[in-house]
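Keep in mind it's a predicted model, so treat the numbers as computed, not measured. Proteins come first, then strands; the chains are lettered A, B, ... in the order of their sequence lines, and each starts at number 1. Quick note: numbers below take in every heavy atom, side chains included, and nothing from hydrogens, waters or symmetry partners.
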Amino acid sequence: MSIPSFEDIITPNDQTEARKASLEAIGALVGNVYPNKFVRSSVSGVEDTITALKHFEKVADIEARMAEIKASLGEGERPPAEKKDALNEELKALGTVSIAGRLTTPTRGNFVHLTDGMSKLQVYCNKKGPLALIKNDGDGTVDAENGWALWQLLDHGDLIGVEGYLFVTNTGEVSVHVERLQFLTKAMLPMPDKMHGIADPELQRRFRYADLIASTLQVEHDGLTTREVFERRAKLVSGLRRFLDDAGFIEVETPMLTPKATGAAAKPFETHHNALDIPLYARVAPELYLKRLVVGGFEKVYELNRNFRNEGLSQRHNPEFTMLEFYVAYMDVNGMMDLAETMIKDAVAKANDGSLVVKYGENEIDFGKFERISMKAAIEKYAPGVPVDDLNVIAAFDEHVEDKLTQPTFVIDYPKSISPLSKASPDDSSIAERFELFINGMEVANGFSELNDPKEQYERFVDQMSERERGDEEAMVLDEDYIRALSYGMPPAAGIGIGIDRLVMLLTNKHSIRDVILFPHMRPERRAADDPDQIA
RNA sequence: GGUCCGAUAGCUCAGUCGGUAGAGCAAGUGGCUUUUAACCACUGGGUCGCAGGUUCGAGUCCUGCUCGGAUCACCA
């Protein structure tokens, strides 16, 4: 196994060679081509990122007034000079702004947009000057002669800092008139296609950084940009956290590496701890740890983090996925459905601009109302005539019902036999007090009244172990310590696990889980040098 | 793992019946310099995923492989 050369990784071509030549020429002008910092101004009261400036009251006001002026004009007509000049006086009074960003277009003309990833701001350089460059010599030495020379050496995608004053152009766009230009970092690779971005889903996922750059460079796109997908994901996650924190929950972190992979029916990833010389398993669920904490007196507790399951990949399955699990003491399954519904509505509204309705493919999903239906009633409703008995109820449900549950639906009354951690219904001992939430045919959440009788839990584990011996690799493993914990007395409690990635898919109209995970698992890249077929 | 589809310039894509490898963007040179995705002119850029086969001749047809996507199976 040889160490790849730099050229193995960044294969030279006409594009990289041109950028390398540009970088050398820039170095001759500015010195260090990888300076350590650029101090942005704070005209807007906070550090002037491009986004902060765009949202700055004064700038927004000028833009609004210019929009009004433009609205009164005919097609192609330009704003009258005296009105423009008046706005420019106001902008100039703000003084010098210093902003930094990535060039969204080549510097062919005098105008180019800089982006901070979220917003764009136009900057203007005049060949006739005055246009200086700031050297990267640590002292900020100003070279009054070579600003334009530097400008001409810049490439699409380079990162620069500019100092100048704000003004509105003849066409009415707020821009920065650059007086001093500082080179910050070179983009050695060409930018993605400005019209289409990165179209190949493999490359989007493998080169997520470039896909994210494309989000802000791209001129047109259908639906949300990749950047917007992950902004929405962040809003959902923070919305869920805020809801739970405000409701008095405590957030905890329980082990990711566990001596037993249990708490869910799934195949684990196995690893080995050298010092202890024991096998460890990446957790398949935090469930049993969280309930130990309920025993310990954390009556409202949640964990929002990754689970790992060593199973096939699909549009809806990634080997690691994010789950929100929480438990509430003294609550039963019905209380949990109420709570989950309230929480999901709250978080969806926060992430979806206040609306509870989302478009998903051909469907419109309304988070405003959640149906509740028993598993058997659902089969009778969606697959009338299909015989239902305790043996085939799950198979019949999977086959005939699941994909018909488009609107948010709590399916209740699961067979106890497939719910080894949940309490039986007081009315029917073969039924578990359990629900699953389905939206668009996808299982989004799973919850139940938690079994807290240590003896019965032990027996359920023993049943699971005999399932394992019959070859069911996913049957749960007995956890002796959990039985001990329950023996201290766990209050009656309800718990739930919510698949965050799937919820994000619904909110972003994405049909593959890999589009809502920044770095989904892919087969490793193969270099030509590793490929025996390609070695001459 | 099965089936189907795909892989052509840095990016997005065309390539007809098997007959000299194409466009737009990006890049280079020169011009222009208050523009709103693409200003004007010229130029360079290809192991057509990899390997083999059929053929006088393969981007195109056949076989195998690699990678990806869709779908089924498996799986929450």
Side-chain angles (χ1 to χ4, degrees), chain A residues 10-22 76 78-79 81 84 104-113 120 122-128 148 151-152 155-157 167-173 175 177 187-207 210-211 213-214 217-221 264-267 284-285 307 309-319 321 323 394 397-398 402 418 436-438 441-446 472-474 497 499 501-502 511-515 522-526 528 530-536:
Chain A
I10 307 300
T11 312
N13 58 34
D14 63 324
Q15 312 265 322
T16 60
E17 290 304 309
R19 283 165 187 266
K20 203 170 138 194
S22 149
R78 288 183 165 181
K84 191 191 75 173
T104 65
T105 47
T107 51
R108 280 273 173 78
N110 331 40
F111 283 98
V112 75
H113 284 87
K120 291 180 196 179
Q122 182 165 261
V123 301
Y124 169 72
C125 285
N126 191 332
K127 184 182 187 176
K128 292 167 191 133
W148 186 256
W151 178 254
Q152 287 181 300
D155 282 310
H156 185 195
F167 75 112
V168 286
T169 63
N170 284 344
T171 53
E173 180 167 344
S175 309
H177 189 119
M188 294 303 291
L189 290 170
M191 293 297 107
D193 187 279
K194 71 180 166 191
M195 286 308 289
H196 309 90
I198 298 179
D200 182 338
E202 177 191 353
L203 300 181
Q204 286 176 358
R205 295 160 187 168
R206 257 189 220 292
F207 311 137
D211 184 31
I213 290 171
L217 301 190
Q218 209 176 329
V219 178
E220 289 171 355
H221 47 82
K267 282 179 244 174
V284 295
N307 290 340
R309 299 189 184 175
N310 204 345
E311 291 158 3
L313 286 73
S314 82
Q315 256 187 317
R316 295 171 177 193
H317 298 84
N318 195 58
F321 62 99
M323 178 106 105
I394 283 289
F397 179 81
D398 286 352
E402 226 178 80
I418 58 159
E436 289 190 348
L437 172 62
F438 287 88
M442 249 186 333
E443 182 204 338
V444 171
N446 176 21
D472 181 356
E473 285 181 83
E474 294 176 0
D501 310 284
R502 290 178 178 180
H511 295 251
S512 170
I513 199 167
R514 296 174 145 204
D515 290 331
M522 315 273 292
R523 283 194 176 80
E525 265 184 277
R526 272 196 344 163
D530 292 336
D531 186 346
D533 290 346
Q534 298 197 7
I535 295 170

**Message:** Determine whether A:Phe321 and A:Arg502 satisfy the following criterion, side chain to side chain contact (heavy atoms under 4.5 Å, CB included), listing intermediate values before the conclusion.
**Reply:** CA-CA 9 Å; A:Phe321 62 99; A:Arg502 290 178 178 180; over 6 Å; no

**Complete:** Dot-bracket for RNA chain B, 5' to 3', Watson-Crick and G-U pairs with both distances under 3.5 Å, [ ] for crossing pairs, | for partner on another strand, reads (((((((..((((.....[..)))).(((((.......))))).....(((((..]....))))))))))))....

**Prompt:** Under 4.0 Å between a side-chain N/O of A:Arg206 and OP1 or OP2 of B:rG68, yes or no?
**Reply:** yes

**Asked** Taking atom C1' in both B:rG24 and B:rG57, what distance in whole Å separates the two?
**Response** 31 Å

**Asked** Hey, are A:Asp515 and A:Arg205 close enough for a salt bridge, meaning a charged N less than 4.0 Å from a carboxylate O?
**Response** yes

**Request:** Mind checking A:Ala266 for me? I need base, sugar-phosphate or nothing, with any heavy atom below 4.0 Å counting as a touch.
**Result:** sugar-phosphate

**Prompt:** Under the 3.5 angstrom rule, does the side chain of A:Gln204 hit a backbone N or O of A:Ile198 as a donor-acceptor pair?
**Reply:** yes

**Request:** Ignoring hydrogens and angles, answer whether the base of B:rG69 and the side-chain atoms of A:Asp200 contain a donor-acceptor pair closer than 3.5 Å.
**Result:** no

**Item:** ring-ring contact (aromatic ring centres under 6.0 Å, His included) against A:Phe167, all qualifying residues, sequence neighbours excluded
**Value:** A:Tyr124, A:His177

**Asked** Does a donor on one side chain and an acceptor on the other come within less than 3.5 Å for A:Asn170 and A:Lys84?
**Response** yes

**Partner set under ring-ring contact (aromatic ring centres under 6.0 Å, His included) for A:His317, not counting sequence neighbours** = none

**Request:** Taking salt bridge (Lys or Arg N to Asp or Glu O under 4.0 Å) as the test, write out the residues that go with A:Asp193, two or more places apart.
**Result:** none

**Prompt:** For A:Glu473, does the CD atom sit with more than 12 other heavy atoms under 6.0 Å from it, leaving out its own atoms?
**Reply:** no

Using nucleotides 70-74 of chain B, report all nitrogen or oxygen pairs with the protein that are shorter than 3.5 Å.
from	atom 1	to	atom 2	distance (Å)
B:rU71	OP1	A:Gln315	OE1	3.4
B:rU71	OP2	A:Gln315	OE1	2.9

**Message:** Main chain of A:His511, side chain of A:Gln315: is a donor-acceptor contact present, judged purely on distance under 3.5 Å?
**Reply:** yes

**Asked** Please give, in whole Å, the distance from B:rC11 C1' to A:Ile213 CD1?
**Response** 13 Å

**Request:** Measure from NE2 on A:His156 to P on B:rA26 and round the result to the nearest Å.
**Result:** 8 Å

**Message:** Just to be sure I understand the rule, does A:Arg316 reach a base, reach only the sugar-phosphate, or reach nothing, if contact means heavy atoms closer than 4.0 Å?
**Reply:** nothing

**Asked** Within the structure shown, what part of the strands sits under 4.0 Å from A:Glu474 by heavy-atom distance: base, sugar-phosphate, or nothing?
**Response** sugar-phosphate

Filtered N/O pairs between nucleotides 30-34 of chain B and protein, under 3.5 Å:
from	atom 1	to	atom 2	distance (Å)
B:rU33	O2'	A:Asn110	ND2	2.6
B:rU33	O2	A:Asn110	N	3.4
B:rU33	O2	A:Asn110	OD1	2.3
B:rU34	O2'	A:Asn170	ND2	2.5
B:rU34	O2	A:Asn170	N	3.0

**Presence of A:Lys194 side-chain N/O under 4.0 Å of B:rA26 phosphate oxygens OP1/OP2** = yes

**Item:** C1'-based separation of B:rU8 from B:rC13 [nearest Å]
**Value:** 9 Å

**Item:** Sugar-phosphate only, base, or nothing, as touched by A:Gln15 at under 4.0 Å among non-hydrogen atoms
**Value:** base

**Prompt:** Would you say B:rG69 has OP1 or OP2 under 4.0 Å from some side-chain N or O of A:Arg514?
**Reply:** yes

